[in-house]
Each structure stands twice: as structure tokens, then as C-alpha cells.
Peer 1: 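I have a structure here, written as C-alpha cells, and I will follow up with some questions on it.
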Protein chains: 2
Amino acid sequence: MTEPDPPLTATDRLRHEIVTGRLGPGERLVEMQLTELLGAGRGAVRSALVELEKEGLVTREANRGATVRRVSLAEAIQITEARSALEALVAAHAAERADASDRRRLQAVLKEMSRAVRSGDHARYSELNSSLHSELRRISDHTVANELVANLRHRAAGHEYRLALMPGRPEESLTQHRAIVEAIVAGDPEAAAGAMRAHLTSVIDVLRHWARVEQPAV
Amino acid sequence: MTEPDPPLTATDRLRHEIVTGRLGPGERLVEMQLTELLGAGRGAVRSALVELEKEGLVTREANRGATVRRVSLAEAIQITEARSALEALVAAHAAERADASDRRRLQAVLKEMSRAVRSGDHARYSELNSSLHSELRRISDHTVANELVANLRHRAAGHEYRLALMPGRPEESLTQHRAIVEAIVAGDPEAAAGAMRAHLTSVIDVLRHWARVEQPAV
DNA sequence: ATCGACAATACTGTTCACAATCACGAGGCG
DNA sequence: CGCCTCGTGATTGTGAACAGTATTGTCGAT
């Protein structure tokens with residue numbers, strides 16, 4: 001009810017297919033086929049491809065068509081670095097602006113996350129993680145940074161879905177989130193930015209670890 | 001000869017018209033008129049409008065057409081904050097990767113900037129400023145962050161062109177750039193990031209100053 | 001004179017057909 | 001046997017016409 005009108009566009013649908021992995025990296029995106037898949041005219045499909053190219057989810061070569069973008073681990077690291085810089089900014093702003101009710105809500109989400117970790121409920125934890133970020137987005141009220149962050153999260157989605165499966169990772173992630181929330185509740189922008197950076201730095205470390213373990217190239 | 005093929009697209013031309021101010025904020029962008037201005041078909045024009053909307057230079061309302069985006073001072077500040085976070089990252093990476101020849105080039109550019117300030121040559125200084133950023137972009141080798149920065153610079157172009165005209169501003173800017181270059185030459189990522197942040201923080205301060213001086217709204 | 005219905009206008013959004021381009025493979029030629 | 005040339009098919013890129021929608025101007029009633 002709070003949302004007045006979410007008329008999912010063709011672009012939204014196509015993006016969803018990509019970030020959820022139903023259209024895998026390297027897959028060809030033929031305009032005519034997408035018209036059926038998305039139930040839209042070729043014009044709308046073309047427009048969607050142009051948009052998603054700007055978002056970094058799709059590559060297009062002249063006269064050769066579009067494919068789902070293949071993002072290397074090196075690029076995933078860059079994406080997360082950029083996210084780190086921007087989310088630190090968001091956290092700092094949130095720390096400056098959070099009022100009493102905001103703080104209560106953040107602590108409530110955190111407590112639920114803690115519960116989800118104890119019971120090993122990954123799906124629930126991931127969902128709460130989204131809630132937390134959503135709260136930060138709202139509180140920070142930093143449209144520009146938040147828009148860029150949303151884009152970057154989509155881009156790296158293919159690499160980050162594995163994070164939750166790492167043994168011991170949820171516990172580590174939880175303590176980091178706790179540090180972030182505490183800094184914001186304390187109204188300390190510097191600490192909030194630092195805690196957020198620390199969180200994403202640890203994500204980057206995991207990615208780097210994989211870079212060493214897995215085959216370097218395809 | 002060094003550039004193999006720069007076939008300026010319709011999008012590039014339209015973006016140029018906007019960032020240079022030849023198409024002012026709020027101006028209506030009628031597709032049919034743009035076909036003549038850009039020498040392209042309506043399809044290409046539509047595509048360009050979609051792209052520039054994603055870049056934040058244009059707003060489009062359903063069935064009501066597109067206009068040049070009006071970016072408020074508050075938004076310009078947000079844009080510069082995001083730039084600050086990302087350019088700090090770029091500077092840090094540059095500090096880590098710069099080799100001997102990179103350092104020489106940076107110092108050469110800096111020396112020329114100093115000369116341009118002494119002779120009061122604003123145009124030359126602005127040009128060298130671009131050169132410096134271009135060097136950082138190359139040295140840092142951080143595709144993701146640099147792409148976002150380029151976008152943000154375009155967005156705030158309408159507000160930043162006035163900066164150079166402020167009395168005493170070039171001198172202040174020069175010492176800040178010197179600090180950045182010195183940190184990179186010293187190979188100190190933390191210092192480089194800090195110096196870059198300080199530079200853009202001072203830009204933000206100027207914007208905030210204007211926010212108080214000028215009429216809040218149009 | 002003010003307001004509402006209603007027609008005229010000016011666009012955008014969509015569809016269709018066709019031209020342009022590229023990948024692939026067959027066939028000729030050294 | 002390798003390489004170049006030339007069809008052929010698939011797919012993108014483009015132009016023109018048409019439909020849909022918001023805005024503006026007009027006219028009559030009150």
C-alpha cells in the first residue's frame with residue numbers, strides 16, 4: 001500500500017533475469033527473442049538494452065548484438081572497492097542524521113540478524129541484510145550515492161551470492177554490521193564510515209582469496 | 001593517428017551541448033528538433049535521451065518529453081561528496097601503482113599549473129587540471145571508479161564552472177593539488193586519499209557558501 | 001467575466017517494413 | 001592443402017507512418 005504504482009518495466013524485468021542468474025554471463029540477448037520473454041515491443045527491448053549497458057550489466061557491439069556482461073573477479077573487486085567508498089559516505093551521513101526512532105529500528109534489525117545467524121537461517125539473514133541497507137539508504141538521504149550503490153550491487157551480484165555460503169562468514173559479517181550500527185547510533189560519522197569500510201574490505205579479502213584459489217582466467 | 005576511430009555519436013554530441021551549457025537547464029528537448037541539431041534519426045535521438053537520463057543529465061516524463069535536468073545546489077553538493085569518495089579511492093590506487101615515469105609526469109604537470117596560476121591564465125589552468133585528472137585516471141587503472149567519476153563531473157559541470165572565477169581560488173586549489181601529487185610521488189595511499197578528500201571538501205565548502213549567499217530557489 | 005466541455009495541436013510511444021552489416025560456409029584457385 | 005572470394009542467413013539499425021496522450025485554445029452557458 002505504501003507503494004502507489006510499481007508498473008514493472010521491460011528494463012526491470014530484464015535486469016531481474018540477469019542479476020538472478022537466469023540469464024548467465026556471455027548469453028546472447030537477441031532482440032526478437034526478448035520481445036517474447038519480456039512481452040514488449042522491439043523498441044522497448046532496445047531501450048532496455050541501452051539502459052542495462054549503461055548500468056554495466058550488458059555489453060553491446062555494433063551490428064553484433066548484446067550479451068550478458070561477463071564480470072571478472074578483478075572487476076568484482078573494483079566494484080566492491082567503489083561500493084566501499086560510497087557506502088562509507090552513506091553510513092557517515094546516516095550517523096549524522098539518524099534520530100531516535102531510526103536508531104531503534106536499526107537496533108531491532110540487528111537483533112533479528114543476530115537471531116537469524118544463531119539459527120543458521122541464511123535466507124532470513126540475507127533478507128535482513130537488505131533491510132539494514134534499505135534503512136541506511138532512507139536515513140542517509142543521499143540520493144546520488146545511494147543510486148550509484150544500487151547500481152554497483154547489481155553489477156557484482158554474480159560474485160557475491162557465494163559469500164553467504166562461506167563457513168564462519170555470517171558470524172564475521174554480523175559483528176561488522178554490529179559495529180556499523182553502533183557507530184551510527186552513537187552519532188559518530190567517522191566511526192560509521194570506518195566500520196563500513198572495514199566490512200567491505202573483508203568482503204574484498206574474500207574475493208581476493210578466491211582469485212588466488214580459483215583458475216585466474218577462463 | 002594515435003586515435004584509431006573517434007566517430008562522435010549522437011549521444012556524445014547531445015551531452016556536449018548540455019555540459020557546455022548551450023542547452024540550458026529546463027530546456028525542452030523535442031525529439032524532432034534534435035534530429036536536425038544532431039543530424040541523426042529519431043531512433044538514435046531517443047536512444048541518446050535514454051542514455052543521458054541514466055547519466056543524470058536529462059529528465060524524461062512519460063508522454064511529456066525530455067528536458068535538460070536542473071541540478072540544485074544541494075544535489076551538486078551530493079555529487080561532489082560522491083566524487084570525493086571515489087576520487088580518494090582513485091588517488092590511493094594511483095599512489096600504489098605510480099612508477100618513476102608516472103611521477104615525473106605528474107610533477108611536470110604540477111609545475112606547469114603553478115606557472116599558469118602565477119600568470120593568471122585561467123583557461124590554461126583548467127586545461128592542466130584536466131590533464132592531471134587524466135593522468136590519475138591512467139595511473140590508477142581503476143576502470144569502475146573512473147567511469148563513475150567521469151559521470152559525476154558531467155553532472156555537476158553547471159555548478160563548477162564558476163569555481164575558477166573566485167578570487168584566491170586558483171592559489172588554494174594549486175596547493176591542494178600539490179599535496180595530492182606529493183603524496184602519490186611518496187607512494188602513500190592514505191595521504192593521497194586524504195589530500196584528495198581535502199581538495200574536494202574545500203570545493204564543497206565553496207558550494208555551501210553559495211547556498212547561503214544566493215537565493216535558495218529559482 | 002468564469003468556468004467547463006470540447007476540439008485542435010504537438011508531441012511521444014509503437015509498429016512495421018526494409019536496408020545495412022556481420023558471421024558462416026561453400027566453392028574456386030593458386 | 002591453404003587461402004581468398006562470394007553467396008546466404010540471421011540480426012541489428014533506420015526510416016516512415018500511425019496510434020495514444022497531454023496541453024492549449026475556443027466557444028458557449030451561467
Side-chain angles (χ1 to χ4, degrees), chain A residues 3-19 22-71 155 217-218, chain B residues 3-19 22-71 155 217-218:
Chain A
E3 295 160 64
D5 204 11
L8 268 291
T9 76
T11 305
D12 294 328
R13 279 195 291 267
L14 181 53
R15 177 174 29 238
H16 185 256
E17 296 292 305
I18 293 175
V19 304
R22 292 190 46 189
L23 290 171
E27 194 149 338
R28 289 196 61 187
L29 300 172
V30 180
E31 295 180 356
M32 207 56 101
Q33 294 172 1
L34 293 181
T35 55
E36 312 173 3
L37 175 59
L38 304 176
R42 211 159 79 99
V45 169
R46 272 184 87 78
S47 180
L49 290 174
V50 171
E51 282 190 61
L52 295 184
E53 181 183 32
K54 275 264 174 239
E55 291 185 18
L57 297 179
V58 160
T59 48
R60 289 193 343 142
E61 284 174 289
N63 292 312
R64 292 185 19 99
T67 61
V68 178
R69 187 132 192 279
R70 216 183 273 280
V71 359
R155 283 219 230 175
V218 175
Chain B
E3 295 161 65
D5 205 11
L8 268 291
T9 75
T11 306
D12 295 328
R13 280 197 288 268
L14 181 54
R15 176 173 33 233
H16 186 256
E17 296 293 303
I18 293 175
V19 302
R22 294 191 45 188
L23 291 171
E27 192 149 340
R28 289 196 60 189
L29 300 173
V30 180
E31 296 179 357
M32 207 58 100
Q33 294 172 3
L34 292 181
T35 55
E36 312 174 3
L37 175 60
L38 304 177
R42 211 160 81 100
V45 168
R46 271 185 88 77
S47 180
L49 290 174
V50 171
E51 281 190 61
L52 295 183
E53 181 182 31
K54 273 263 179 259
E55 291 185 19
L57 297 178
V58 159
T59 40
R60 289 188 349 140
E61 284 174 290
N63 291 315
R64 294 188 17 103
T67 61
V68 177
R69 187 131 192 278
R70 217 183 274 279
V71 1
R155 284 217 230 176
V218 176

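Numbers restart at 1 for each chain; the letters A, B, ... are given by sequence-line order, proteins then strands.
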Peer 1: What is the distance, to the nearest angstrom, from the CG atom on A/Leu34 to the P atom on D/dT11?
Peer 2: 12 Å
Peer 1: Rounded off to whole Å, could you give me the CZ-to-P distance for the B/Arg42 and C/dG13 pair?
Peer 2: 9 Å
Peer 1: Counting any heavy atom closer than 4.0 Å, what does A/Leu49 reach on the DNA or RNA strands: base, sugar-phosphate only, or nothing?
Peer 2: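 No contact.
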Peer 1: When you measure from the side chain of A/Glu31, which nucleotide among D/dT11, C/dT12, D/dG13 comes out closest?
Peer 2: D/dG13
Peer 1: Within this structure, what is the CZ-to-P distance between A/Arg60 and D/dT11, rounded to whole angstrom?
Peer 2: 16 Å
Peer 1: Quick check: closest heavy atoms across A/Arg13 and A/Leu8, and the distance to 0.1 Å?
Peer 2: NH1-O, 3.4 Å
Peer 1: So, for B/Ala40 and B/Ala10, which heavy atoms are closest and what is the spacing to 0.1 Å?
Peer 2: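 Heavy atoms of B/Ala40 and B/Ala10 come nearest at CB-CB, 4.1 Å.
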Peer 1: Quickly work out the A/Asn63 CG to D/dG13 P distance and round it to whole Å.
Peer 2: 6 Å
Peer 1: For C/dA23, does OP1 or OP2 lie under 4.0 Å from any side-chain N or O of A/Arg64?
Peer 2: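 Yes, A/Arg64 has a side-chain N/O under 4.0 Å of OP1/OP2 on C/dA23.
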Peer 1: Measure CZ/A/Arg28 against P/D/dT11 and give the value in whole Å, please.
Peer 2: 6 Å
Peer 1: Shortest non-hydrogen contact from B/Ser47 to A/Val50?
Peer 2: OG-CG2, 3.7 Å
Peer 1: With no hydrogens and no angle check, is any side-chain donor or acceptor of B/Arg155 less than 3.5 Å from a backbone partner on B/Glu55?
Peer 2: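 Yes; at least one donor-acceptor contact below 3.5 Å.
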Peer 1: Rounded to the nearest angstrom, tell me the gap between atom CD in A/Glu61 and atom C1' in D/dT11.
Peer 2: 14 Å
Peer 1: Give one of base, sugar-phosphate or nothing for A/Gly41, where a contact means two heavy atoms less than 4.0 Å apart.
Peer 2: sugar-phosphate
Peer 1: Less than 4.0 angstrom between a side-chain N/O of A/Arg46 and OP1 or OP2 of D/dT12, yes or no?
Peer 2: no
